[in-house]
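Written out below as structure tokens is the structure these notes cover.
Only this structure's heavy atoms are used, side chains among them; waters, hydrogens and symmetry mates stay out.
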Amino acid sequence: MADAILETVVEERRAAARRLMLIASLVEEYQVPQDPGIPGATRGTPVADGVPAVDEFLVPELAALLGTGIASAWTLVRDVVCLAHRHPHAWAALADDRAEAWQARQVAAACRDAGLDERAALWVDHRLAPCWGAMPWARVRRRLTGLIAAVDPQRAAARRHEARRRRFLVMRHDETGMTTLLGRLPTPDALALTHRLDQISSALLDDDPTRDGDSAALAADALGILARSGAAPAKAPTGRATMVVHISRTELTSAATGAIGVAQVEGPGTDLGAVLTDDLAAILGGNTVRVLPVVDLADDPVIDGYLPTRPIHRHVALREPVSVFPFSAHRARRCDLDHTDPWRASGRPGQTRPSNLGPLARLEHRVKTFGGWRLTQPRPGRYEWTSPLGFRYVVEGGRTTRCTHPDGRSVDPGRDWFAREAA
């Protein structure tokens, strides 16, 4: 049964990829033999930098063929020709069954909508190449956002200023006595509001433990209290939320000289993802900034107890920023820290150490403990999984490799799949 399901996944992926490739061929071959001097005759329409113009008369033909509107067909054609000419690695991943067609299209559209020229789009494509087939889409999308900001920080800053101009807050009242709020506001303000609502929600639960604990309902009640009084209940905590900023030495040096760089910011309850260094002051303003020491990931600090220490937590989180379950997108800081070889009170000393730990989301942790999944960590950061149905996966460096390719070819988990494919 599991094999049959996997076959349908592969068949659907191949069919969608083949459709894009056939459309690319049709775009190249389609020509309406008309005199360009005749009013109303067909003409080539530019799509993006580095992409040949598209015969505009092709689009209605394709729309009718697909049974869709012309606007949708135009979007499809733009994505396809951008993929074919500006994203060779994504295009190859489609051909190799490592990428979903809709995911590859989103990459092409994001680069085009961001105004990236051909060179910048190729730069992004090259750095996304190791992700295809090895990372879930949520992580690929986060990396894509960061790469688009990093390849052209000046343009990213301009998009930031333009986005700020489009902030708004509207209220829609209805006959039930309720109001729907819809808004868009600067991220630093949103983070401050989120933290304040969390404080008030916590105080409400302390005052009445039997209260409905639904987080969304609590947030609505907290906003009402904040709007009416401007103050939280007396029991509301006053501490600030913790945010973590990951910034490389290169970006830090660039920022010190006035250049615009990119940092990765993890906020309370959510990831902000790629953030321009120019925005860090606004996001971190009013907070205490603590610089954490550099962690040597080659070390393997050991303790005898069951609960990892804070330095060991930090060590594992830096090595594994996301869960080590196959294709997982859960951020490590929200995960349990699992002992690869289960900890035993009667076991040998030193069972709790980074080389025997890995972050797992709660359900992932449970299926590993109770669901028949088997896991080994032959070296720090390399996780070899076997599912109850016998499927094998290797997770290393945030990338997942199936040990058997969907078409039946054997894959050696000890080698780099992408390097072998490129060779």
> Considering residues, nucleotides and ligands other than Phe370, do more than 12 of their heavy atoms fall under 6.0 Å from its CZ?
Replying inline: no

> So, for Leu20 and Ala101, which heavy atoms are closest and what is the spacing to 0.1 Å?
Replying inline: CD1-CB, 3.6 Å

> Is it true that the side chains of Glu364 and Ser328 contain a donor and an acceptor less than 3.5 Å apart?
Replying inline: yes

>> Check this for me: does any side-chain nitrogen of one of Asp117 and Arg119 sit under 4.0 Å from a carboxylate oxygen of the other?
In response: no

> Within the side chain of Ser202, is there an N or O that forms a donor-acceptor pair under 3.5 Å with the backbone of Asp198?
Replying inline: no

> Would you say the ring centroid of Trp385 lies under 6.0 angstrom from that of Phe325?
Replying inline: yes

>> Please check: side-chain N/O of Asp304 versus main-chain N/O of Gly350, any donor-acceptor pairing under 3.5 Å?
In response: yes

> Between Gln351 and Arg344, is there a donor-acceptor pair closer than 3.5 Å when you use the side chain of the first and the backbone of the second?
Replying inline: yes

>> Looking at Arg382 and Glu396, is any side-chain nitrogen of the basic one under 4.0 Å from a carboxylate oxygen of the acidic one?
In response: yes

>> For Arg143, I'd like to know if atom CZ has over 12 heavy atoms of other residues, nucleotides or ligands within 6.0 Å.
In response: no

> More than 12 non-hydrogen atoms from neighbouring residues, nucleotides or ligands closer than 6.0 Å to CZ on Arg172, yes or no?
Replying inline: no

> Any Lys/Arg nitrogen of Arg105 or Glu100 sitting under 4.0 Å from an Asp/Glu carboxylate oxygen of the other?
Replying inline: no

>> Check whether Asp49 reaches the backbone of Glu118 with its side chain - one donor and one acceptor, N or O, closer than 3.5 Å.
In response: yes

>> Looking only at side-chain N and O atoms, does Ser355 offer a donor or acceptor that is under 3.5 Å from a partner on Arg353?
In response: yes

> Are the side chain of Lys368 and the backbone of Thr340 linked by a donor-acceptor contact shorter than 3.5 Å?
Replying inline: yes

>> Check Arg86 with Asp125, please: is the shortest side-chain N to carboxylate O separation under 4.0 Å?
In response: no

